[in-house]
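Sequence lines set the chain letters: A, B, ... in the order given, protein chains first and strands last, and positions in each chain run from 1. The figures that follow rest on heavy atoms only: side chains count, while hydrogens, waters and symmetry mates do not. These numbers were taken from a predicted model, which means no experiment stands behind them.
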Amino acid sequence: MAQSDKLERLMNLTAALLDADRPLTADDIAERVTGYAEGKEAFRRTFERDKDELRQLGVPLVMEVIAGSYPPEHGYRIDRADYELPDPGLAPDELAALRLALQAVRVGEQTGDGSEALWKLGGVVDPGDDVGVGAPPGDAVASLPPDPSLVPLFSAVLERRVARFAYASAGGDAERVVEPWRLEYRRGRWYLTAYDHDRGEGRNFRLDRIRGEVALDAPGTFEGPEPTAPEGLDQPWTYGEGEAVTAVLRVDNEQARWAREQLGDDSVLSTEPDGATTFAVPVTSWPAFRSFVLSFLDHAEVLEPAELRADVVAWLSRIAGEAVR
Amino acid sequence: MSPLNAQDRLRRMLAIVPWVAAQPDGATIEEICRRFELDAEQLQACLDTVFMVGVHPYTPDALVDVLVDHDRVQIRLPDFFTRPLRLTPAQAFALLAAGRSLQSVPGADPQGPLARGLAKLAEALGADTSEVVEVDLGEVSGDALAVLQRATAQGRTVEIDYYSYGRDAQGVRRVDPWRVQAEQGRWYLEGYCHSSDAVRVFRVDRIRRVSVLDEVFERPQGAGPLEVFRPEPTDPRVVLDLAPSAAWVVGQYPVEAVAEAPGGRLRVTLAVAARPWLERLLLRLGPDASVVDAPDELAGAGADAARRVLARYGE
């Protein structure tokens with residue numbers, strides 16, 4: 001019954017650290033928590049493993065200097081406020097809806113954690129006939145891609161921690177110091193909306209351009225208010241620095257709808273009776289916009305400005321010419 | 001069910017103990033097993049253990065008190081284990097992101113149980129609103145998505161007016177819709193296409209019109225993950241040399257083979273499902289790509305396409 005002994009010991013240890021009104025030393029624990037073998041060395045080995053296991057589960061077990069001890073002595077404790085989940089007070093249909101959501105949407109590479117989260121909230125409850133989520137139960141509806149920065153940045157949002165990371169942009173990698181407010185998934189990518197300290201304004205950051213690890217300051221290191229970040233930063237032709245040039249693009253009827261979805265309704269200049277549509281698009285990265293335009297093959301044409309039109313012609317002439325040679 | 005290891009048991013017990021203790025009359029063994037996903041034997045083993053748990057001096061008032069009467073369990077607690085352990089950040093994020101995803105599907109009830117549950121969850125996590133995670137699964141215009149979801153659930157064949165981007169062609173097809181799923185920021189329909197007599201994946205935003213037919217079909221069981229791009233063994237292959245500045249192609253296109261080529265270039269092999277697809281890639285890459293090997297029907301695809309577009313510019 002080694003499994004039971006271990007479960008009993010881990011629960012006793014957790015109970016002791018939750019219940020104590022001061023940090024407990026290793027000696028206190030050896031003496032007061034049942035389930036540890038006799039002998040200092042055997043205790044130390046088992047206790048080290050137990051601490052690791054509890055921390056893996058997310059138990060906030062901390063080691064600190066015991067106040068007033070001299071010479072300073074280290075003790076262990078679990079802060080109840082950090083341990084306990086505040087009761088969200090979920091009704092059964094709400095819990096069932098959350099379960100359905102976890103079944104329908106795969107978030108990142110995560111597989112096993114869904115159930116445990118539900119247990120903590122009151123267990124797995126079957127959805128009734130309709131929980132109003134517009135998805136047939138049991139069917140996968142979507143998957144969201146993983147990103148190593150998601151969970152750290154989510155903690156930063158919840159705990160109002162200033163975040164620091166290296167960010168790749170047109171001018172090379174640069175360190176950013178930001179106040180993270182919101183994580184957003186759109187057009188197949190994760191974005192962070194944050195207040196950028198150096199630039200003094202709200203910005204959107206693409207998570208896949210964050211290099212290396214995200215470092216977080218202490219909780220409560222910013223207050224707000226929530227910044228507004230410029231919209232539409234997510235198309236590649238808006239990435240470059242410098243003045244935007246307005247390109248006028250005409251797209252044939254068959255492809256116009258798709259172009260409109262990419263460029264937004266606001267960019268529509270005019271629509272002809274046959275459905276062909278003309279757009280005005282602010283462009284800061286011309287190569288990226290050229291790629292977009294060429295994806296329409298001969299169904300689209302840059303009308304203005306003349307330099308951009310000439311650039312397309314020069315680019316295509318090179319491709320056309322090379323094959324002839 | 002197989003025996004649970006100590007961690008699995010601990011995860012469950014740290015949730016089961018506070019939940020049962022909070023029920024005024026306890027709970028039945030059957031309900032605990034259902035909620036916490038274990039069988040009666042596993043639960044019994046856990047309860048036998050918990051019954052011994054407590055703090056020094058392990059007097060009755062310092063122990064977890066478990067009462068099993070027939071099929072009903074009651075737990076009384078000293079002043080600990082009264083609440084479950086907090087959600088880990090990863091768990092909290094997964095719940096919120098999954099919930100917000102479903103909330104974003106057209107037709108979701110903005111005041112329904114999911115919306116209410118997410119709002120409560122966000123508050124318990126210390127956020128003002130569940131909108132700290134925002135999800136847009138993909139562009140949807142009109143009611144195509146809703147119609148397809150309904151047809152899929154009812155097993156009804158549909159007729160779609162579809163623009164195939166790869167082939168750069170518009171056409172009407174008859175399809176048995178098997179599933180509708182969002183991947184990489186787009187909604188896709190997977191199903192059996194009668195018009196091409198094969199399983200096909202369609203982008204929902206390129207469907208101009210859907211009509212549901214009277215015919216019904218049986219959906220095959222056990223589908224794997226939805227593969228957005230699925231080259232056929234019979235598709236022609238091309239070999240390209242890429243300049244270092246075009247190395248990103250390897251990460252973003254379904255490249256089947258990569259080798260180093262002279263001058264720091266990369267030599268890649270790609271399956272070409274349709275000619276316009278290759279034309280776009282070559283026009284986009286321009287001088288950064290050169291075709292090393294291609295079947296006759298694709299040789300000169302880039303130059304031909306370039307001349308066609310130039311003609312539009314009056315050149």
(request) Sort out for me which of B/Ala97, B/Pro84, B/Gly117 touches chain A most, counting heavy-atom pairs under 4.5 Å. (result) B/Pro84
(message) Using heavy-atom distances under 4.5 Å, tell me whether A/Leu54 contacts chain B through its side chain, its backbone, both, or neither.
(response) side chain
(message) Check A/Arg189 with B/Asp136, please: is the shortest side-chain N to carboxylate O separation under 4.0 Å?
(response) no
(message) With side chain to side chain contact (heavy atoms under 4.5 Å, CB included) as the criterion, how do B/Phe36 and A/Leu118 come out once you've worked through the C-alpha distance, each side chain's angles and the decisive distance to 0.1 Å?
(response) CA-CA 8 Å; B/Phe36 298 93; A/Leu118 291 173; over 6 Å; no
(request) Could you walk me through whether A/Asp93 and B/Leu114 pass side chain to side chain contact (heavy atoms under 4.5 Å, CB included), step by step? (result) CA-CA 8 Å; A/Asp93 61 342; B/Leu114 182 59; over 6 Å; no
(request) Could you have a look at B/Phe80, B/Phe81, B/Tyr58, B/Trp19 and say which one has the most heavy-atom pairs with chain A under 4.5 angstrom? (result) B/Tyr58
(message) When you measure from the side chain of B/Arg35 to the backbone of A/Val124, do you find a donor-acceptor pair of N or O atoms at a distance under 3.5 Å?
(response) no
(request) Against chain B, label A/Phe154 side chain, backbone, both or neither, depending on which of its atoms sit under 4.5 Å from a heavy atom there. (result) side chain
(request) Find the distance between CH2 (A/Trp119) and CD (B/Gln91) and round it off to the nearest 0.5 Å. (result) 9.5 Å
(message) So for B/Leu282, is it side chain, backbone, both, or neither that comes closer than 4.5 Å to the heavy atoms of chain A?
(response) backbone
(request) Check the pair B/Phe93 / A/Trp190 against ring pair (Phe, Tyr, Trp, His ring centres under 6.0 Å), numbers first and verdict last. (result) CA-CA 13 Å; B/Phe93 178 71; A/Trp190 284 106; 5.6 Å; yes
(message) If I take atom CG from residue B/Leu85 and atom CD from residue A/Glu116, how far apart are they, to the nearest 0.5 angstrom?
(response) 7.5 Å
(request) Nearest 0.5 Å please: distance from the CG atom of B/Leu285 over to the CD1 atom of A/Ile319. (result) 8.5 Å
(message) Out of B/Arg280, B/His56, B/Arg206, B/Arg86, return the one with the most heavy atom pairs under 4.5 angstrom to chain A.
(response) B/Arg86
(request) Under 4.5 Å, counting heavy-atom pairs only, tell me which of B/Ala124, B/Ala22, B/Gly126, B/Pro18 racks up the most with chain A. (result) B/Ala124
(request) Could you pull out the closest heavy-atom pair between B/Thr88 and A/Gly58, with the gap in Å? (result) CG2-CA, 4.4 Å
(request) Would you mind checking which part of B/Val132 comes under 4.5 Å of any heavy atom in chain A, side chain (CB onward), backbone (N, CA, C, O), both or neither? (result) both
(request) Name the member of A/Val33, A/Thr34, A/Leu90 that forms the most heavy-atom pairs with chain B at distances under 4.5 Å. (result) A/Thr34
(request) Please flag which part of B/Pro78 lies under 4.5 Å from any non-hydrogen atom of chain A: side chain, backbone, both or neither. (result) neither
(request) Drop me the distance from A/Thr14's OG1 to B/Met13's CE, to the nearest 0.5 angstrom. (result) 12.5 Å
(message) So for B/Ala92, is it side chain, backbone, both, or neither that comes closer than 4.5 Å to the heavy atoms of chain A?
(response) both
(message) Please report the interatomic distance CD(A/Glu8) to CG(B/Leu10), rounded to the nearest 0.5 Å.
(response) 12.5 Å
(request) Heavy atoms only, distances under 4.5 angstrom: which of B/Glu123, B/Arg208, B/Gln111 has the most pairs with chain A? Name it, please. (result) B/Arg208
(message) So, taking the atom named CG in B/Leu137 and the one named CZ in A/Arg187, what distance separates them when rounded to the nearest 0.5 Å?
(response) 14.0 Å
(message) Shorter than 4.5 Å, heavy atoms on both sides: which option in B/Arg34, B/Glu131, B/Arg100 has the most such pairs with chain A?
(response) B/Glu131
(message) Minimum heavy-atom separation for B/Gly54 and A/Asn12, please, with both atom names.
(response) N-OD1, 2.8 Å
(request) Considering non-hydrogen atoms only, spot the tightest contact between A/Ser155 and B/Pro89 and give its length. (result) OG-CB, 3.3 Å
(request) Would you check if the side chain of A/Arg257 reaches a backbone N or O of B/Asp205 as a donor-acceptor pair within less than 3.5 Å? (result) yes
(message) Less than 4.5 Å to any heavy atom of chain B: does that hold for the side chain of A/Leu18, its backbone, both, or neither?
(response) side chain
(request) Using atom types as modelled and distance alone, determine if a side-chain donor or acceptor of A/Tyr185 lies under 3.5 Å from a backbone N or O of B/Ser101. (result) no
